[in-house]
Chemist: 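Provided herewith is a single structure, encoded as structure tokens, for subsequent inquiry.
Below, each value reflects all heavy atoms present in this structure, side chains not excepted, and no hydrogens, waters or symmetry copies.
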Amino acid sequence: MAYGQGADPRTATLIDTTTVSGPGFLLTNDSTNNKLDLCAATEVPLGVSVADSSRDADNVLETANATISYYPLGGMFLLASDAVTYSLGQLVYANNAGRVTNVAGSNKKVGIYVGNGETATAGDLVPVSTTTAADA
């Protein structure tokens with residue numbers, strides 16, 4: 001399965017000190033400086049990371065003016081999860097550090113789990129349809 005279903009990713013700058021280590025992490029906008037950050041539980045997700053954020057000449061993740069490629073929400077994505085158990089059709093919510101969970105609380109809805117049921121460990125990628133993500 002192609003990760004982004006044929007859509008071209010977008011590129012943006014991350015807020016300083018934020019790094020992203022791989023695909024599937026939720027990103028949100030930092031409205032004060034027009035940059036992206038890893039999504040927290042109560043923030044509205046904007047997109048999903050395609051890969052690592054930019055690296056310097058020594059292959060170390062940059063922590064100032066780093067860039068990230070991302071897909072805007074709206075399709076089916078493999079998202080980085082917390083350690084939880086999912087069932088087909090279960091609602092999925094944003095959690096801290098750009099990961100998802102099945103715990104509602106005040107967390108923003110990201111979409112619906114569309115896998116066959118699994119117990120994820122922290123960082124596992126799980127299939128989520130994001131067409132019903134919260135927009136406020």
Side-chain angles (χ1 to χ4, degrees):
M1 170 177 60
Y3 189 78
Q5 302 106 39
D8 291 331
R10 308 288 302 155
T11 301
T13 303
L14 290 167
I15 64 169
D16 288 349
T17 71
T18 295
T19 60
V20 177
S21 299
F25 287 91
L26 292 176
L27 302 168
T28 191
N29 69 316
D30 178 43
S31 59
T32 59
N33 57 24
N34 203 31
K35 294 182 178 184
L36 294 181
D37 194 8
L38 285 169
C39 193
T42 58
E43 295 175 322
V44 175
L46 171 76
V48 179
S49 66
V50 174
D52 294 349
S53 50
S54 56
R55 294 177 178 269
D56 64 18
D58 295 324
N59 205 29
V60 175
L61 290 171
E62 295 178 319
T63 57
N65 294 312
T67 57
I68 185 74
S69 291
Y70 71 97
Y71 290 111
L73 292 183
M76 198 294 295
F77 294 101
L78 298 173
L79 301 180
S81 178
D82 282 343
V84 294
T85 299
Y86 294 97
S87 298
L88 178 62
Q90 187 172 33
L91 294 177
V92 176
Y93 302 90
N95 206 4
N96 296 320
R99 292 184 177 164
V100 294
T101 183
N102 59 6
V103 178
S106 60
N107 300 9
K108 296 295 183 183
K109 185 173 85 170
V110 175
I112 299 170
Y113 174 79
V114 292
N116 294 324
E118 65 188 286
T119 299
T121 58
D124 284 355
L125 297 176
V126 297
V128 177
S129 172
T130 65
T131 57
T132 60
D135 58 9

Chemist: Looking at residues at least two apart in the chain, or sitting in another chain, which of them share a salt bridge (charged side-chain N to carboxylate O under 4.0 Å, His left out) with R10?
Modeler: none
Chemist: Tell me, please, which residues at least two apart from T85 pass side chain to side chain donor-acceptor pair (under 3.5 Å).
Modeler: T119
Chemist: Taking all non-hydrogen atoms of both residues, which atom of A41 and which atom of N96 are closest, and how far apart?
Modeler: N-OD1, 3.2 Å
Chemist: Quick one: side chain to side chain contact (heavy atoms under 4.5 Å, CB included) partners of T67, sequence neighbours excluded?
Modeler: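 In terms of side chain to side chain contact (heavy atoms under 4.5 Å, CB included), with neighbours along the sequence ignored, T67 is linked to T11, T13, S54.
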Chemist: Can you name the salt bridge (charged side-chain N to carboxylate O under 4.0 Å, His left out) partners of D124, sequence neighbours left out?
Modeler: none
Chemist: Taking side chain to side chain contact (heavy atoms under 4.5 Å, CB included) as the test, write out the residues that go with I112, two or more places apart.
Modeler: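 Applying side chain to side chain contact (heavy atoms under 4.5 Å, CB included) to I112 gives L91, T132.
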Chemist: Do you know which two heavy atoms are closest between A40 and A94, and how far apart they sit?
Modeler: O-CB, 4.0 Å
Chemist: So, do N65 and D16 sit near enough that their side-chain heavy atoms are less than 4.5 Å apart?
Modeler: yes
Chemist: Where do A120 and V126 come nearest, in terms of heavy atoms and distance?
Modeler: CB-CG1, 4.0 Å
Chemist: Once salt bridge (Lys or Arg N to Asp or Glu O under 4.0 Å) is applied, what residue pairs with a partner in residues 23-36 remain, sequence neighbours excluded?
Modeler: none
Chemist: Would you mind listing the cluster partners of L61? Hydrophobic ones only (ILVMFWY), side-chain contacts under 4.5 Å, chaining allowed.
Modeler: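 ILVMFWY cluster around L61 holds nothing else.
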Chemist: Is N34 atom CG crowded by more than 12 heavy atoms from other residues, nucleotides or ligands, each under 6.0 Å away?
Modeler: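 Check fails, neighbour count at 12 or below.
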Chemist: May I ask you to decide if G75's main-chain N or O and T130's side chain share a donor-acceptor pair within less than 3.5 Å?
Modeler: yes
Chemist: Could you note down all residue pairs passing ring-ring contact (aromatic ring centres under 6.0 Å, His included) where residues 80-109 supplies at least one of them, sequence neighbours left out?
Modeler: Y86-Y113
Chemist: Please step through side-chain contact (heavy atoms from CB on, under 4.5 Å) for the pair V48 and L26, ending with a clear verdict.
Modeler: CA-CA 5 Å; V48 179; L26 292 176; 4.2 Å; yes
Chemist: So, applying side-chain contact (heavy atoms from CB on, under 4.5 Å) with V84, which one of V92, T121, V100, N102 is it?
Modeler: N102
Chemist: With sequence neighbours excluded, tell me which residues meet side chain to side chain contact (heavy atoms under 4.5 Å, CB included) with N116.
Modeler: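 With sequence neighbours excluded, N116 shows a side chain to side chain contact (heavy atoms under 4.5 Å, CB included) to no residue whatsoever.
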Chemist: Measure the OG-CG distance between S53 and L27 for me, rounded to the nearest 0.5 Å.
Modeler: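 Nearest 0.5 Å value for the OG-CG distance: 9.5 Å.
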Chemist: So, T101 side chain and D82 main chain: donor-acceptor pair closer than 3.5 Å or not?
Modeler: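 Not confirmed, T101 side chain does not pair with D82 backbone.
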Chemist: Which atom names give the shortest non-hydrogen contact between P9 and S69, and what distance separates them?
Modeler: CB-CB, 4.4 Å
Chemist: Would a 4.5 Å heavy-atom cut-off, applied to side chains only, mark P23 and V50 as touching?
Modeler: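 Side-chain contact under 4.5 Å: no.
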Chemist: Any sub-3.5 Å donor-acceptor pair from T42's side-chain atoms to N107's backbone N or O?
Modeler: no
Chemist: Not counting sequence neighbours, which residues clear side chain to side chain contact (heavy atoms under 4.5 Å, CB included) with T18? List them please.
Modeler: L14, I15, D37, L38
Chemist: Determine the minimum heavy-atom distance between A12 and Y70, stating which atoms define it.
Modeler: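 Nearest pair, atom of A12 first, then Y70: CB-CE2, 3.9 Å.
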Chemist: Enumerate the residue pairs fulfilling salt bridge (Lys or Arg N to Asp or Glu O under 4.0 Å) with a member in residues 55-66, sequence neighbours excluded, ordered by first and then second residue.
Modeler: D52-R55
Chemist: Sequence neighbours left out, what pairs pass ring-ring contact (aromatic ring centres under 6.0 Å, His included) with at least one residue falling in residues 35-69?
Modeler: none
Chemist: For a quick test of reading the model, state the closest non-hydrogen atom pair linking I68 to S49 and the distance between them.
Modeler: CD1-CB, 4.1 Å
